[in-house]
> 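Attaching a single structure in structure tokens format; questions to follow.
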Amino acid sequence: MNKEFMLRALKLAEKAKENTDVPVGAIVVKDGEIIGEGYNKREETSDPTAHAEVVAIRQAAERLGSWRLDGCQLYVTLEPCPMCAGAIINSRIDTVVFGAYDLKAGSASKESVVDLFSLPYNHRPQVYGGICERECAEILTEFFKEKRP
């Protein structure tokens with residue numbers, strides 16, 4: 001795990017916030033190099049699947065020329081939702097590192113709604129939660145305070 005990668009994901013979350021989207025950022029890393037990055041673009045693209053993780057995974061797959069992201073790590077500022085957990089499983093990402101826990105839609109830990117990664121799917125990534133948790137939670141809290149005063 002590398003805190004610098006999470007800090008990069010936080011910078012991407014700021015871009016989502018600038019576009020009035022929920023501030024979540026994600027990067028995909030292979031061999032210490034960022035090969036994909038994304039931030040929530042649902043508002044920008046009117047695409048309900050344009051979550052930060054999916055955007056980063058698509059970019060990484062395109063760069064590698066393969067849907068298989070073996071040997072890759074995903075850093076994301078918010079615990080993945082069910083859709084993103086499915087994309088992580090299907091892309092064979094080895095490790096997921098997330099910042100803030102999502103108690104309403106989180107799907108990667110026992111502390112949240114469900115831990116989809118513990119189910120007997122054909123692939124189970126290693127998961128580390130709560131990395132830079134305070135910083136990742138703060139940007140979300142500020143966003144929702146401004147959005148819903």
Side-chain angles (χ1 to χ4, degrees), residues 1-19 21-45 47-141 143:
M1 288 180 295
N2 183 321
K3 186 177 177 178
E4 294 304 312
F5 289 138
M6 186 61 79
L7 295 176
R8 174 65 188 146
L10 270 165
K11 288 186 192 238
L12 292 166
E14 287 287 347
K15 287 186 177 184
K17 186 178 179 182
E18 290 168 11
N19 290 332
D21 213 324
V22 177
V24 178
I27 63 168
V28 176
V29 176
K30 185 171 177 91
D31 300 326
E33 179 186 352
I34 296 173
I35 61 168
E37 56 182 33
Y39 54 89
N40 276 357
K41 293 184 174 185
R42 294 176 307 165
E43 297 297 331
E44 182 181 329
T45 63
D47 178 356
T49 69
H51 287 204
E53 301 96 321
V54 172
V55 173
I57 288 169
R58 286 178 178 155
Q59 191 178 93
E62 185 175 325
R63 182 155 179 205
L64 292 180
S66 174
W67 61 270
R68 292 182 155 278
L69 299 180
D70 304 273
C72 293
Q73 301 84 44
L74 174 76
Y75 287 78
V76 60
T77 58
L78 181 64
E79 180 180 0
C81 72
M83 176 185 70
C84 293
I88 291 162
I89 290 166
N90 283 299
S91 64
R92 311 294 197 269
I93 287 175
D94 287 351
T95 307
V96 175
V97 179
F98 69 85
Y101 287 84
D102 186 345
L103 302 179
K104 294 181 180 178
S107 298
S109 72
K110 290 177 179 33
E111 289 81 10
S112 301
V113 177
V114 67
D115 181 1
L116 290 177
F117 298 134
S118 70
L119 298 176
Y121 290 110
N122 60 338
H123 178 73
R124 291 186 196 162
Q126 293 289 314
V127 179
Y128 302 94
I131 309 305
C132 299
E133 182 176 8
R134 183 182 52 78
E135 299 94 322
C136 292
E138 279 178 0
I139 189 172
L140 290 160
T141 301
F143 175 80

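Keep in mind that what you see is a predicted model, and the values were worked out from it rather than measured. The residues of the chain are indexed from 1 along the displayed sequence.
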> Closer than 3.5 angstrom, by distance alone: can the side chain of Asp21 be matched with the main-chain N or O of Arg42 as a donor-acceptor pair?
yes
> Using only atom types and a distance under 3.5 Å, with no angle test, would you say the side chain of Glu79 pairs donor to acceptor with the backbone of Ser109?
yes
> Working to the nearest 0.5 Å, report the span between CD of Glu14 and OG1 of Thr77.
10.0 Å
> Does any part of the side chain of Tyr75, heavy atoms only, come nearer than 4.5 Å to the side chain of Asn2, both counted from C-beta?
yes
> Decide yes or no for Thr95 and Tyr128: does some side-chain heavy atom of the first lie under 4.5 Å from some side-chain heavy atom of the second?
yes
> Mind listing the closest non-hydrogen atom pair of His51 and Asn40 along with its distance?
CA-OD1, 3.3 Å
> How far does CE of Met6 sit from SG of Cys132, to the nearest 0.5 angstrom?
6.0 Å
> If you look at every heavy atom in Val55 and Gly38, which pair is closest and at what distance?
CG1-CA, 3.7 Å
> Return the NZ to CG distance between Lys30 and Asp94, rounded to the nearest 0.5 Å.
7.5 Å
> Hey, is CD on Glu62 packed in by over 12 heavy atoms from elsewhere, all under 6.0 Å?
no
> Rounded to the nearest 0.5 Å, how far does SG of Cys72 lie from CD1 of Ile57?
9.5 Å
> What is the minimum heavy-atom distance between Ser112 and Leu103, and which atoms define it?
OG-CD2, 4.2 Å
> Between Met83 and Val54, what is the shortest heavy-atom contact and its length?
CE-CG2, 4.2 Å
> May I ask you to test the Pro82-Leu116 pair for a side-chain heavy-atom distance under 4.5 Å?
yes
> Looking only at heavy atoms, which two atoms of Ile34 and Phe5 are closest? And how far apart?
CG1-CE2, 3.9 Å
> Side chains of Ile89 and Asn122: closer than 4.5 Å at any heavy-atom pair?
yes
> Okay, side chain of Gln59, backbone of Glu37: is any donor-acceptor separation there less than 3.5 Å?
yes
> To check you understand the geometry: which heavy-atom pair defines the closest contact between Glu53 and Cys84, and what is its length?
OE1-SG, 3.3 Å
> What's the separation between atom CZ in Arg124 and atom CZ in Arg92, rounded to the nearest 0.5 Å?
13.0 Å
> How long is the gap from CD on Glu44 to CG on Asn19, to the nearest 0.5 Å?
5.0 Å
> Taking the basic N atoms (NZ, or NE/NH1/NH2) and the acidic carboxylate oxygens, is any pair closer than 4.0 Å for Glu4 and Arg8?
no
